[in-house]
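The structure displayed is predicted, hence computed values, not measured ones. Note that the numbering runs from 1 along the sequence shown for the chain.
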Amino acid sequence: MKAISKIIRALAAVCLLGIGANALEEGTDYQTLEKPLSVPKDSVVKVFSYECVHCYKFDRTVTPKLFSELDGVKFIPYHLKTKGKLGETASKIFAAMIVLDEANDVSLLSDKSKFKKAKFAIYKATHDKDDDFNGGKDKARFIKEALSAAGVNDADYDKALASERAQEILKTWDDSYDVAKIQGVPAYVVGGKYLINVKAIGSVDAMAAAVRELLAK
């Protein structure tokens, strides 16, 4: 837990304050979105970008730990297509992988998830290998990198992407920009309504407690 707290502090580059046992304070610990996201109440949305190194590090450390403490709470990823030269392509890949995971009843947090495999392949290429895919011009190789990691062929990808469900996901993700512009990414939205101020939370345990409190509102 101390290690994860240190990671959060390093990412935010500020001195973080724990919320302790006190009730959450609106405007400090969280804020209410003017335009709520259309998601189930018992859910946490993570708005992220493949090009965001903090999103990558949070997905390696914070997100899995957080949801391990939140029984019955649904994890819903929202990819921000407006960040990164291949942001729109990444969104299409992720939406198609989610369709395939849903068809196979695989959790998006599972190591078996095609979404997770594709996402981390892109993260690693972008941040660990500093591969910008020829300034974003090499879209075909970008897609291949993700599909190879997920074990998905071109035909299955194209079919999943063309599905009504994938198009629905992509349309829903358009709302991610309005959330991201408030405090950047990664951004965590509870119940589609409450945006957590991660800089005000001192640990994953405190963040889980904040999620539970906001879900009970």
Side-chain angles (χ1 to χ4, degrees), residues 7-8 10-13 35 37 45-64 75-102 106 108-109 111-189 195 198:
I7 291 171
I8 297 174
L11 294 179
K35 181 183 177 183
L37 302 177
V45 168
K46 183 196 176 188
V47 179
F48 75 104
S49 163
Y50 83 92
E51 199 180 60
C52 165
V53 68
H54 296 341
C55 296
Y56 176 26
K57 292 180 178 180
F58 267 65
D59 267 342
R60 286 190 303 182
T61 57
V62 177
T63 303
F75 165 64
I76 303 177
Y78 268 45
H79 185 255
L80 182 65
K81 71 179 183 182
T82 56
K83 183 174 175 61
K85 294 181 179 179
L86 288 164
E88 189 168 352
T89 300
S91 284
K92 290 178 179 179
I93 293 169
F94 297 147
M97 296 304 101
I98 289 173
V99 168
L100 295 174
D101 281 339
E102 289 179 348
V106 175
L108 301 184
L109 294 168
D111 289 338
K112 296 180 180 180
S113 164
K114 296 182 184 302
F115 163 75
K116 184 174 181 178
K117 290 177 181 178
K119 178 178 64 173
F120 274 93
I122 291 174
Y123 272 150
K124 290 174 182 177
T126 303
H127 302 292
D128 295 346
K129 301 177 183 177
D130 293 322
D131 191 345
D132 68 352
F133 295 88
N134 192 24
K137 297 176 183 178
D138 200 346
K139 186 185 297 184
R141 186 165 62 84
F142 184 80
I143 295 172
K144 183 178 180 180
E145 185 90 25
L147 298 190
S148 294
V152 175
N153 60 43
D154 291 342
D156 286 342
Y157 168 63
D158 290 340
K159 182 179 179 181
L161 180 58
S163 70
E164 184 176 337
R165 173 59 178 148
Q167 296 308 306
E168 175 189 14
I169 291 170
L170 291 170
K171 183 176 180 180
T172 299
W173 286 356
D174 286 343
D175 292 334
S176 62
Y177 176 77
D178 289 336
V179 176
K181 71 181 181 181
I182 297 173
Q183 62 179 29
V185 289
Y188 293 83
V189 180
L195 174 63
V198 295

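The side-chain contact (heavy atoms from CB on, under 4.5 Å) test applied to Lys159 returns no partner, not counting sequence neighbours. Every residue two or more places apart in sequence or in another chain that forms a side-chain contact (heavy atoms from CB on, under 4.5 Å) with Ala160 is listed here: Ala96, Val99, Leu100.
Taking both residues in full, the closest heavy atoms of Leu147 and Asn153 are given as CD1-O, 4.4 Å, listed atom of the first, atom of the second, then distance. Considering every non-hydrogen atom in both Val179 and Ala187, the closest pair reads CG1-CB, 3.9 Å.
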Passes side chain to side chain contact (heavy atoms under 4.5 Å, CB included), Tyr123 versus Cys55? Steps please.
CA-CA 9 Å; Tyr123 272 150; Cys55 296; 3.5 Å; yes

Could you please spell out the steps behind the side chain to side chain contact (heavy atoms under 4.5 Å, CB included) verdict for Lys46 and Asp59?
CA-CA 10 Å; Lys46 183 196 176 188; Asp59 267 342; 2.8 Å; yes

Would Asp101 and Lys112 count as a salt bridge (Lys or Arg N to Asp or Glu O under 4.0 Å) if you check the C-alpha gap in whole Å, the side-chain angles of each, and the deciding distance to 0.1 Å?
CA-CA 9 Å; Asp101 281 339; Lys112 296 180 180 180; over 6 Å; no

Show the numbers, then the answer: is there a salt bridge (Lys or Arg N to Asp or Glu O under 4.0 Å) between Arg165 and Glu168?
CA-CA 5 Å; Arg165 173 59 178 148; Glu168 175 189 14; 3.2 Å; yes

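Taken from NZ in Lys92 to CE in Met97, the straight-line distance is 13.5 Å, to the nearest 0.5 Å. The structure places CZ of Phe75 at 5.0 Å from CG of Leu109, a figure rounded to the nearest 0.5 Å.
Here the side chains of Tyr56 and Phe48 are not in contact, with every heavy-atom distance at 4.5 Å or above. Contact of the His54 side chain with the Pro186 side chain is registered, since non-hydrogen atoms from C-beta on lie closer than 4.5 Å.
When each of Val189, Leu37, Val185 is checked for a side-chain contact (heavy atoms from CB on, under 4.5 Å) with Tyr78, only Leu37 meets the rule.
Judged by the 6.0 Å distance and 45° axis criteria, Lys85 is not positioned over the aromatic ring of Phe142.
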